[in-house]
Structure formats: structure tokens, C-alpha cells
Amino acid sequence: MLEQPVTGPALLLHRTSVRPRAAVLVLHGGQVKGVRPARSWQLAALRMDPVVRSLAGELADDVLVARVRYRVRGWNGTDADPVHDTRRALDELAALAGPVPTVLVGHSMGGRAALHAAGHPLVHAVVGLAPWWPRGEPVEQTAGRRLLALHGDRDHVTSPADTADLVRRARDVAAHADLTLVTGGDHAMLRHHRLWHRETARAVTGLLAPEGTPT
């Protein structure tokens, strides 16, 4: 018997505020194909726990911090399942907190979902961590947004070169687009993990600053 996809809210709150001025949504990785239910104890989801804690520890108290809950584990071709989950989480965030500027922080497949959801009215910026951005991914939806990627130069799962190509193309439409290479960094962000966590928090802090430029 097949397990049924996860139901319920797509927005999982980690830290909220009475009147948030901004929000950060964290998206974990997944699989190329997979229709089994996504679970919080999957390694891809657990890997983002310290990233969420780092963000909550560094960002001001009036910044809401949450995660996106996927229904299933995979991207699944043209179904692009995590993109629908991300847009639903953004709609739920808008209903909860109003039109707050939001930064999407996505690892691997989560980075791809964040990129595709960048056109949502709430999205202010996208941060891709070792993102899965295959050649030919669209960039038009990043118009007026800020885009930042961190990619390890020893990543053998997703391609730093593909990420660099997308950043170059996004510069024609995005308000800001840049790539930082993590020397010796791997796909799971385990090598130099403190650096990954610190730089992600710094980047989001900079993106939410009045001038909106990542440090």
C-alpha cells in the first residue's frame, strides 16, 4: 500500500513575532524523483536544523523564521512538487503576517524550488545553498529580486558551474545576483559547516537590511 502524501499546512513556524517586519523561509533538499511522503526525520530535512537555528540566533526578533513542508520527497519532473508547496507556504505566510518581505533559503532541491517561487509577491530575495540549478533554468521570475548563491567547489552532486551560469544570466534581470564559492565545501555543507551557517546568516541579515545588499 502506497503511503499518502503529507497533508496540512505547508508553513512550519520556528519563530514568530507579534508584528514581524520580515520573514525567512528555509527549504531543505530532496530527490530528483520521489512520491513517498516527506518526513521531518529525513537527513535532508535534519541537515537544515542548524541552519534554522543559526538564522534564528542571528536575525532580529521581529523577523519570522519558518520552514516549508513538502508533501512528497521529489522534484518529479514537470510536476515540480516542492514549488507548489513553497508557493502555498508563502500564501499561508501572507495570510498570517501580511505582505512582509521574505527571503527564501534553499539547499539543493530546495534552492531550485526557491528559485522557481521567486516571482511570488512576498519574495524579496533568494539564497541558494549548493543549489540544484540545471542549465536552462528560468531567471525571469527573479526580476527586481536579489539572488545569492553559496556553492562548495568540491560539490559532486550539484554543479558550481551551472550555478555560476545561472547567476550570470540572472544579472540581466535581478536587482542583484552573486555567487560565493566555499573553498573545500561539499554538497552536504558538512565541511566547514560553521562557515556555511555563519555566512548564510550574514547574507540573510544583509539582504533584509535597509539597503538590501548582502554582506
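It should be emphasised that the depicted structure is a prediction, and the values quoted were computed from it without experimental measurement.
- Annotation: the span from Met189 atom CE to His107 atom NE2 amounts to 4.0 Å, rounded to 0.5 Å.
- Salt-bridge formation is not detected for the pair Asp61/Arg21: no Lys NZ or Arg NE/NH1/NH2 atom is positioned less than 4.0 Å from an Asp or Glu carboxylate oxygen.
- Environment of CZ in Arg194: sparse, with no more than 12 heavy atoms of neighbouring residues, nucleotides or ligands closer than 6.0 Å.
- At least one side-chain heavy atom of Asp165 sits under 4.5 Å from a side-chain heavy atom of Arg169.
- The line from CG of Leu150 to CG of Leu181 is 9.0 Å long, rounded to the nearest 0.5 Å.
- No side-chain donor-acceptor contact under 3.5 Å links Arg67 to the backbone of His28.
- Looking at Leu147 and Leu166, their side chains come closer than 4.5 Å, going by heavy atoms from C-beta outward.
- Here the side chains of Val167 and Leu148 are not in contact, with every heavy-atom distance at 4.5 Å or above.
- Between atom CG of residue Leu11 and atom CZ of residue Arg88 there is a gap of 10.0 Å, rounded to the nearest 0.5 Å.
- Aromatic pair Trp75/His116: centroids less than 6.0 angstrom apart.
- Other residues, nucleotides and ligands place more than 12 heavy atoms under 6.0 Å from the CD atom of Gln42.
- If you run side chain to side chain contact (heavy atoms under 4.5 Å, CB included) between Leu25 and each of Val123, Leu122, Leu90, Val65, only Leu90 comes through.
- Under the 4.5 Å side-chain criterion, counting only non-hydrogen atoms from C-beta, Arg73 is in contact with Arg39.
- Asp62 and Arg19 are not joined by a salt bridge, as no carboxylate oxygen comes within less than 4.0 angstrom of a charged side-chain nitrogen.
- The two residues Ala97 and Pro20 have their closest heavy-atom pair at CB-CG, 3.7 Å.
- Using a 4.5 Å cut-off between side-chain heavy atoms of Ile, Leu, Val, Met, Phe, Trp and Tyr, with links allowed through other members, Met109 and Leu190 fall into different hydrophobic clusters.
- Looking at Pro131 and Leu115, their side chains never come closer than 4.5 Å, going by heavy atoms from C-beta outward.
- Following chains of ILVMFWY side-chain contacts shorter than 4.5 Å, one cannot reach Leu12 starting from Val51, and the two form parts of different hydrophobic clusters.
- At a threshold of 4.0 Å, the pair Asp85-Arg69 does not count as salt-bridged, since none of the basic side-chain nitrogens sits closer than that to a carboxylate oxygen.
- For the residue pair Thr183 / His192, no side-chain donor-acceptor distance below 3.5 Å is found, with atom types taken as modelled.
- Side-chain contact between His197 and Arg53 is absent, with no heavy atoms from C-beta onward closer than 4.5 Å.
- Side chain of Asp186 to backbone of Arg191: a donor-acceptor contact under 3.5 angstrom is found.
- Glu58 places no side-chain N or O within 3.5 Å of a backbone atom of Thr205 that could act as its donor or acceptor partner.
- We find the OG-CG distance between Ser40 and Leu46 to be 7.0 Å, quoted to the nearest 0.5 Å.
- With hydrogens and angles ignored, the 3.5 Å screen pairs no side-chain donor or acceptor of Ser108 with any backbone N or O of Gly110.
- Scanning all heavy atoms of the two residues, the minimum distance from Ala177 to Ala170 falls at CB-CB, 4.2 Å.
- With a 4.5 Å cut-off on side-chain heavy atoms, Val72 and Asn76 count as touching.
- Using modelled atom types, one side-chain atom of His84 and one backbone atom of Asp79 make a donor-acceptor pair closer than 3.5 Å.
- At a threshold of 4.5 Å between side-chain heavy atoms, the hydrophobic network of Ile, Leu, Val, Met, Phe, Trp and Tyr places Val83 and Tyr70 in one connected group.
- Nearest heavy atom pair, residue Thr200 against residue Leu55, reads O-CD2, 4.2 Å.
- Nearest heavy-atom pair across Ala89 and Val68 is CB-CG2, 4.0 Å.
- Taking hydrophobic clusters as Ile, Leu, Val, Met, Phe, Trp and Tyr residues chained together by side-chain heavy-atom distances below 4.5 Å, Val32 shares a cluster with Trp133.
- Atom NE2 of His120 sits about 8.5 Å away from atom CG of Leu93, to the nearest 0.5 Å.
- For the side chain to side chain contact (heavy atoms under 4.5 Å, CB included) test with Leu59, the passing option among Val103, Val204, Leu64 is Val204; the others fail.
- Nearest approach of Pro101 to Leu208, heavy atoms of both residues: O-CD2, 4.3 Å.
- Considering all non-hydrogen atoms of both residues, Thr86 and Ala113 come closest at OG1-CB, 3.9 Å.
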Worksheet item: So Thr180 and His151, side-chain hydrogen bond (donor to acceptor under 3.5 Å, both in side chains) or not? Walk me through it.
Response: CA-CA 6 Å; Thr180 296; His151 215 133; over 6 Å; no

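- With hydrogens and angles ignored, the 3.5 Å screen pairs a side-chain donor or acceptor of His124 with a backbone N or O of Leu207.
- Expressed to the nearest 0.5 Å, how far OG1 of Thr163 lies from CD of Glu137 amounts to 10.5 Å.
- Taking a cutoff of 4.0 Å between a charged side-chain nitrogen and a carboxylate oxygen, Asp178 and Arg171 qualify as a salt bridge.
- Contact check on Asp91 versus Arg87 returns no salt bridge, with no Lys/Arg side-chain nitrogen under 4.0 Å from an Asp/Glu carboxylate oxygen.
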